[in-house]
Amino acid sequence: MIVLTATALAGMVGIGWYSYRKSVGADLDDFFSASKSLGFVVIALSIFADSYSGNSFLGYAAATYRSGAWFLVYPQFMVAGVIGALIIAPPLINLGQEWGYTSPVDYLEHRFDNRVAGLALLFMIWGTFVQFTEQFFAMGYLGKVASGGLIPYEAVIILFGVIILVYVGLGGFRGTALAAAVQGALMLFALFLMLVLVGYLGGFTAQIDTVWQTAPDKLTLPTDSTMVGWYSTVILVLLGLPTYLHIQQFYLGVDDAKDLRTTFKLQAPIFLFAALTLWVIGMFGAGVFPGLSELQSEKLVPYLMGSFAVTQGGTVLPSLISLGVIMATLSTAGAAVMVLSMAISKDLYKRFVNPDAPDQRVINVSRAFLAIFLGLAIVISFTPNLTIWGWTQLKFEFLLQATPVFVFGLYSSRVKSNPAIAGMLVGAAVAVALYFTGHAEPFGIHAGIIGLLVNSVVLLGGSYLSGTDEETERAREILHYNSIEYPDDENGVKYILPAQNRSFWIGLVVVLALMVPWYAPQSWNARAALGLPLWTWVIIGSLVLESLFVIYGATIWRKTPITGEREGVTSPEAVETDD
């Protein structure tokens, strides 16, 4: 295990060094977006590796263990995150190609103004930093259990931080993305081996029989309040996941719309396989180790690997699975901290503190903040006080307040800066007030969702009631290119984006209606294949439909050639923003 892990970590450092040598003397565009030169395979695997982190492998399997079969919400919300990206990413990449955006904050400042960009960035930094910090909890648990307690939790975390500092600091976005693609491939292999482990430890059906005997409530239909929370969680991630800074940064690294469409078609089956496998592991573990405490359940995956080593006398399989979890943790942490350091150096330091700073200075500032963020995450992870799933919910509550300026601002020129600021502030105030007064989920709905609704009402109401003016005219010029791509300087291609197609929204409503078993009679608690109740198979069927819907959304993303001269619209640098 030690040799295997050391070899893999050395490989990550090697990728960082290779990317550093390739980009010596590079400008900001290359360091922070690899000059938009990454292909769809690298981007698809990178986004997978970034989305399925150590908290997925450990925390979501543990949450399934504690919650039972209803945590099928997990694979559902992960695929839903791809649906949300189908709304945000297509116009963002077209605008990015036209206006030369290096980061999503470039879009926010150009489309609105620097006040909107700064405020939204704070919410996005929050979500990304919590996502980053979660990885240290996962790595600490894994390293301590896998080493039999020989390596302290704190020592694992420090080593983990040093490796990230080296390969991300050297390689920039290119190194981070290439490393994440390799990590994604190793993660898929580890997930397959997890299913092999299930077979060696008695098989899935036998352990589900044990769950029926020891905790039958984990297999029966959830309560009405649980199902309301189920819907709330799906919406939380559907809109939250594509608002992550690091996820948007990967999408902006795609070369063109064709590659992005292919990326979505690859993501759907990969996301489904990964999340459903981890749900299976959580349910399986509930039979192998019934009665674990909340803290013990966080270590379910390492316990299963330890059980295999003891009963089967082999360490190769657990070592390879551990490597997959390590790669999952590294990939998300690396991408998150890379984009965090970029946000501070490029989007705050260069934008507001030192606009004349040369590119190399901004890159060095990014590396300095990389070290600062790593230090903060290490300190926080030394005293964990929430479950990994608890941290996951908390980050989305406030990250969501940055979502409306993307969902509405990318499509409507009527959406304005002042209502956007008011919406974010009021929405955040509502979410914070609910969360810290002990009403984190009133009526089963997350505080962040309620804040998002208030945010959207303020944003849309204020924008449309104030009518059209110079700002809306400028926005109209910018958004003219949200569905147009110019692969060269002469002929353009106009796309009908998924969110501009009525069938997309009809299909989404159908998928959302089917994914929660509010319509299931009590008779569906009866056992069916593999010992699972009938209602779970209906929900798994809706999961397959949800994944097919993503592929459908990428398919209806059709194009129509444009002939004629390119419209003369001023560049982002020449367009004045509201102060």
Side-chain angles (χ1 to χ4, degrees), residues 83-84 87-88 91-92 95 104-105 107-124 126-127 228 231-232 234-240 242-243 396-435 437 439 441-480 482-483 497-500 502 504-506 508-509 512 575 577-579:
I83 296 174
I87 299 171
I88 292 176
L92 185 61
L95 293 173
V105 181
Y107 150 75
L108 290 171
E109 184 177 43
H110 185 210
R111 167 64 180 83
F112 296 100
D113 59 30
N114 56 14
R115 300 170 304 155
V116 175
L119 183 57
L121 179 61
L122 292 178
F123 291 118
M124 297 168 79
W126 160 260
V228 172
Y231 268 124
S232 179
V234 169
I235 300 300
L236 191 78
V237 183
L238 187 151
L239 296 173
T243 310
F396 282 122
E397 305 287 5
F398 307 111
L399 174 64
L400 277 180
Q401 306 316 314
T403 300
V405 291
F406 288 97
V407 172
F408 301 117
L410 284 165
Y411 291 95
S412 173
S413 60
R414 294 287 296 273
V415 174
K416 299 180 181 179
S417 299
N418 287 335
I421 293 170
M424 284 188 282
L425 291 175
V426 175
V430 169
V432 169
L434 288 171
Y435 192 88
T437 57
H439 301 88
E441 295 184 27
F443 308 106
I445 301 174
H446 290 85
I449 294 288
I450 297 174
L452 172 72
L453 292 173
V454 174
N455 182 343
S456 300
V457 169
V458 172
L459 170 63
L460 295 176
S463 295
Y464 279 83
L465 288 174
S466 60
T468 59
D469 53 23
E470 273 186 30
E471 183 179 1
T472 53
E473 288 302 315
R474 185 176 67 84
R476 185 175 293 115
E477 287 187 335
I478 295 170
L479 295 182
H480 173 74
N482 72 346
S483 58
L497 305 182
Q500 294 172 329
R502 183 180 301 175
F504 176 84
W505 296 103
I506 294 173
L508 180 57
V509 169
L512 289 174
V575 175
T577 57
D578 299 330
D579 293 324

From CA spacing to verdict: side chain to side chain contact (heavy atoms under 4.5 Å, CB included), L425, L119: CA-CA 9 Å; L425 291 175; L119 183 57; 3.9 Å; yes
Look up atom [atom1] in [X] and atom [atom2] in [Y], then write down how far apart they are to the nearest 0.5 Å.
{"X": "I235", "Y": "I445", "atom1": "CD1", "atom2": "CD1", "answer": "10.5 Å"}
{"X": "S483", "Y": "L410", "atom1": "OG", "atom2": "CG", "answer": "11.5 Å"}
{"X": "Y411", "Y": "I87", "atom1": "OH", "atom2": "CD1", "answer": "7.0 Å"}
{"X": "N455", "Y": "T403", "atom1": "CG", "atom2": "OG1", "answer": "8.5 Å"}
{"X": "L400", "Y": "L236", "atom1": "CG", "atom2": "CG", "answer": "5.0 Å"}
{"X": "L465", "Y": "R414", "atom1": "CG", "atom2": "CZ", "answer": "9.0 Å"}

Ion pair check, E473 and R476, cut-off under 4.0 Å: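 Yes, E473 and R476 are salt-bridged.
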For the side chain of [X] and the backbone of [Y], is there at least one donor-acceptor N/O pair under 3.5 Å apart?
{"X": "R111", "Y": "G409", "answer": "yes"}
{"X": "Q401", "Y": "G423", "answer": "no"}
{"X": "W505", "Y": "A499", "answer": "yes"}
{"X": "T437", "Y": "A433", "answer": "yes"}
{"X": "R474", "Y": "D469", "answer": "no"}
{"X": "S463", "Y": "K416", "answer": "yes"}
{"X": "Y231", "Y": "L512", "answer": "yes"}
{"X": "N418", "Y": "I421", "answer": "no"}
{"X": "N114", "Y": "A117", "answer": "no"}

Tell me, do [X] and [Y] make a side-chain contact under 4.5 Å, heavy atoms counted?
{"X": "V415", "Y": "F112", "answer": "yes"}
{"X": "M424", "Y": "V116", "answer": "yes"}
{"X": "L108", "Y": "L121", "answer": "no"}
{"X": "Y107", "Y": "V405", "answer": "no"}
{"X": "W126", "Y": "L122", "answer": "no"}

Any side-chain donor near an acceptor of the partner, E441 and S232, under 3.5 Å: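 The criterion, which ignores hydrogens and geometry beyond distance, is not satisfied for S232 and E441.
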Side chain to side chain contact (heavy atoms under 4.5 Å, CB included) between I83 and F504, worked out: CA-CA 10 Å; I83 296 174; F504 176 84; 4.1 Å; yes
